[in-house]
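Here is the structure we will look at, set down as structure tokens.
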Protein chains: 2
Amino acid sequence: MSVTIKDIAKIAGVSYSTVSKALNDSPLVKPTTKNRILKVAKEMGYEPNFAAQRLVSKQTKIIGLIWPTIERVVLSTLVTNISNEIRKTPYSMILSVEPIPASLEAFKRFQVDGVILFDENIDILIEPTTRPLLVYGVADKVNKYFPIVDPNHEQAMLEAVNYLYSDLGHTKIAYIGDFSNSDRMQMEKLKGFKKAMKHFGLSIAPHFLIDTKGLDWYDGYNAVSKLLENSNHPTAIVGGSYDISGGIIRGIKEKKLQIPNDISIISYDNIPQMANMEIPLTSIGVPVDKLAAEIVRSIIELIENKNLHPSIRKMTPELNIRKSCATIKK
Amino acid sequence: MSVTIKDIAKIAGVSYSTVSKALNDSPLVKPTTKNRILKVAKEMGYEPNFAAQRLVSKQTKIIGLIWPTIERVVLSTLVTNISNEIRKTPYSMILSVEPIPASLEAFKRFQVDGVILFDENIDILIEPTTRPLLVYGVADKVNKYFPIVDPNHEQAMLEAVNYLYSDLGHTKIAYIGDFSNSDRMQMEKLKGFKKAMKHFGLSIAPHFLIDTKGLDWYDGYNAVSKLLENSNHPTAIVGGSYDISGGIIRGIKEKKLQIPNDISIISYDNIPQMANMEIPLTSIGVPVDKLAAEIVRSIIELIENKNLHPSIRKMTPELNIRKSCATIKK
DNA sequence: TTGTATGCGTTATCAC
DNA sequence: GTGATAACGCATACAA
């Protein structure tokens with residue numbers, strides 16, 4: 001049986017209500033006794049009973065994160081960053097990898113104070129829930145019940161193309177990414193790329209749009225190999241994700257082409273790992289640490305200020321220039 | 001304010017203790033009243049207060065899983081399987097991706113009934129904890145405090161080589177894997193391979209042992225490319241993991257070699273995905289579902305039968321013959 | 001078969 | 001400043 005405030009009270013020679021106050025650093029208790037109590041508590045190895053605390057306080061200080069597609073690697077860096085970010089606050093995080101309804105159910109039982117949901121999947125429509133829920137995903141009309149943090153893929157693509165075209169002079173630009181229509185984020189990227197090209201009055205050769213049908217390294221590798229079979233090479237490639245771009249680099253080198261001299265490449269996803277690739281990769285996207293910070297800030301705000309209106313927070317993608325893009329040769 | 005058993009009692013016209021019994025399906029309450037109460041409870045949308053339940057029962061029915069290296073993909077399939085397995089029981093699972101001490105601390109606060117720890121890292125020595133803890137990892141002398149479920153890499157390698165040599169006649173066998181000495185599991189595989197070769201009296205050409213220095217697809221790809229630069233090819237390759245083997249396949253095909261006619265390949269890791277690769281891959285290892293089942297069974301046993309002695313459970317790897325190995329040409 | 005009383009460990013509201 | 005005491009929502013031994 002673990003030690004309770006009553007045990008402490010007994011050996012400290014005070015009442016247990018005083019112990020409670022001391023433990024909560026209440027100003028209503030004399031510093032000397034407070035210190036004495038604290039000392040005793042430490043000596044006895046006191047650990048507050050979480051269940052009892054929450055029973056009376058109605059608060060858990062736990063945030064649940066739902067990540068149903070754990071086997072999709074891409075988000076693990078974001079999870080790590082969110083976890084670190086939450087550790088700076090009084091809250092803790094628990095993770096559920098079960099399907100959304102089961103996760104929601106479990107978190108209801110745990111009585112978490114709030115929930116973060118990674119919503120990659122287009123066909124999941126969630127009903128309003130009682131407790132605060134924040135979605136990380138694409139802001140559109142479908143999901144109207146919850147605040148959303150949206151990394152703004154469209155603008156990211158606009159800036160990628162802007163950099164490639166306006167700054168470096170590229171016009172023959174290809175996009176290699178996953179066109180899967182079950183993943184809203186991927187769809188946004190593709191849509192954003194097309195829109196950006198149009199915006200700058202650039203046309204896209206049909207074979208410059210390559211569907212990797214996946215998000216893994218070899219998907220990018222296969223895709224770029226296919227792209228380069230055609231003798232009409234692009235001068236720049238936009239890669240849809242970190243892993244895909246890794247494969248793209250390899251595939252290009254395989255063909256004895258130089259990056260960035262023969263082909264420039266810019267990748268979506270703004271994570272530090274980009275700097276450690278074969279060739280430090282110029283990338284576009286909301287920096288993962290800022291993304292994590294915003295997500296955590298939002299859910300906590302939502303928890304502590306429950307009357308917040310549903311809202312959309314579109315983040316601002318940033319361009320990270322490294323060594324994979326060059327000016328087009330005239 | 002949510003509905004409690006007292007509310008139910010009031011409108012069902014019974015005492016709240018009767019409600020409690022009915023809700024817990026006690027035989028001490030008449031079926032008719034039980035049904036009436038259950039009906040009322042459902043109508044009122046009753047949800048038991050978890051905190052109150054655990055306060056009185058001293059049980060949480062939650063199992064914590066510590067997975068500090070979330071960014072290492074390999075285990076996500078296992079996590080999914082464990083999650084599914086736990087869902088068949090009265091327990092729930094929560095996941096922590098924080099470093100081990102922080103995770104342990106958090107789980108202590110949550111008062112989880114038990115903890116599963118993925119221990120990939122050699123230099124973490126854990127002290128005895130108060131609550132049941134099960135380690136998934138390598139059983140050796142270092143970790144002597146806790147029961148361990150060990151997938152028995154050594155025997156897996158023995159069987160892989162046995163199959164390649166005794167059944168198919170290969171003698172020129174290479175091993176491609178991660179030699180990192182910070183990951184005990186990888187070390188075991190390498191050690192196991194060497195031991196197996198020795199056991200069958202087979203020698204290993206120095207360049208047949210390739211360190212991928214990583215566990216990703218392209219690590220395997222790079223490694224096999226290096227291996228095949230040497231004109232002295234092996235007739236069979238043992239791949240250290242699912243991802244690595246994926247890269248190996250690609251690298252071999254790249255060289256216009258046929259699998260399995262020119263080179264046989266067998267991969268560690270026994271997960272269903274092996275069947276869906278470019279070439280359905282013959283693999284060795286404890287099937288991931290059995291592994292998950294054993295892990296879950298063990299931790300629950302540990303929880304419910306607390307006086308269990310520290311013990312080691314070495315699992316039995318299974319050979320899954322698919323289409324990537326062939327008899328050696330005489 | 002049902003109801004009453006008690007306690008789980010805490011916090012909070014009072015008195016003293 | 002400090003100490004009783006009443007909640008919080010539930011399970012359970014015991015009484016009816």
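Below, all heavy atoms of this structure are taken into account, side chains as well, without hydrogens, waters or symmetry copies.
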For residues [X] and [Y], is any side-chain donor paired with an opposing acceptor at under 3.5 Å?
| X | Y | result |
| --- | --- | --- |
| B/Gln273 | B/Thr77 | yes |
| B/Ser17 | B/Ser20 | no |
| B/Thr80 | B/Ser83 | no |

What integer distance in Å separates [X]:[atom1] from [N]:[atom2]?
| X | N | atom1 | atom2 | answer |
| --- | --- | --- | --- | --- |
| A/Lys61 | C/dT11 | NZ | P | 14 Å |
| A/Asn49 | C/dG9 | CG | C1' | 5 Å |
| B/Leu55 | C/dG9 | CG | P | 7 Å |
| B/Arg54 | C/dT10 | CZ | C1' | 14 Å |
| A/Gln111 | D/dC10 | CD | P | 9 Å |
| A/Asp25 | C/dT10 | CG | P | 17 Å |
| A/Ile37 | D/dG3 | CD1 | C1' | 11 Å |
| A/Gln59 | C/dG9 | CD | C1' | 18 Å |

### Task
From the options D/dC8, D/dC10, C/dG3, select the nucleotide whose nearest atom is closest to the side chain of A/Lys58.
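It is D/dC8.
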
### Query
Base, sugar-phosphate, or nothing: which does A/Lys6 touch, judged by heavy atoms less than 4.0 Å apart?
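Base, at least one base atom sits under 4.0 Å.
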
### Task
Report which part of the nucleic acid A/Glu47 touches: base, sugar-phosphate, or nothing (heavy-atom distance under 4.0 Å, all strands).
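Here A/Glu47 touches the backbone only, sparing every base.
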
### Query
Distance-only, no hydrogens or angles: does the B/Asn24 side chain make a donor-acceptor pair with backbone N or O of B/Ser26 under 3.5 Å?
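Not confirmed, B/Asn24 side chain does not pair with B/Ser26 backbone.
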
### Message
A/Thr60: which residues meet the side chain to side chain donor-acceptor pair (under 3.5 Å) condition with it, sequence neighbours left out?
### Response
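Side chain to side chain donor-acceptor pair (under 3.5 Å) check on A/Thr60 returns A/Asp113.
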
### Query
Can you name the residues that form a side chain to side chain donor-acceptor pair (under 3.5 Å) with B/Glu43, not counting sequence neighbours?
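Testing B/Glu43 for side chain to side chain donor-acceptor pair (under 3.5 Å), a comparison that skips the adjacent residues, returns none.
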
### Summary
Each nucleotide of nucleotides 11-16 of chain D classed B (base within 4.0 Å of a protein heavy atom), S (only sugar-phosphate) or -, in 5' to 3' order, makes BBB---

### Task
Report the residue (B/Ala52 or B/Thr32) whose heavy-atom-nearest nucleotide on DNA chain C is the more 5′ of the two.
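With B/Ala52 and B/Thr32 compared, the 5'-side residue is B/Thr32.
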
#### Entry: Sidechain N-carboxylate O distance under 4.0 Å for B/Arg313, B/Glu301
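The answer is yes: the pair qualifies as a salt bridge.
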
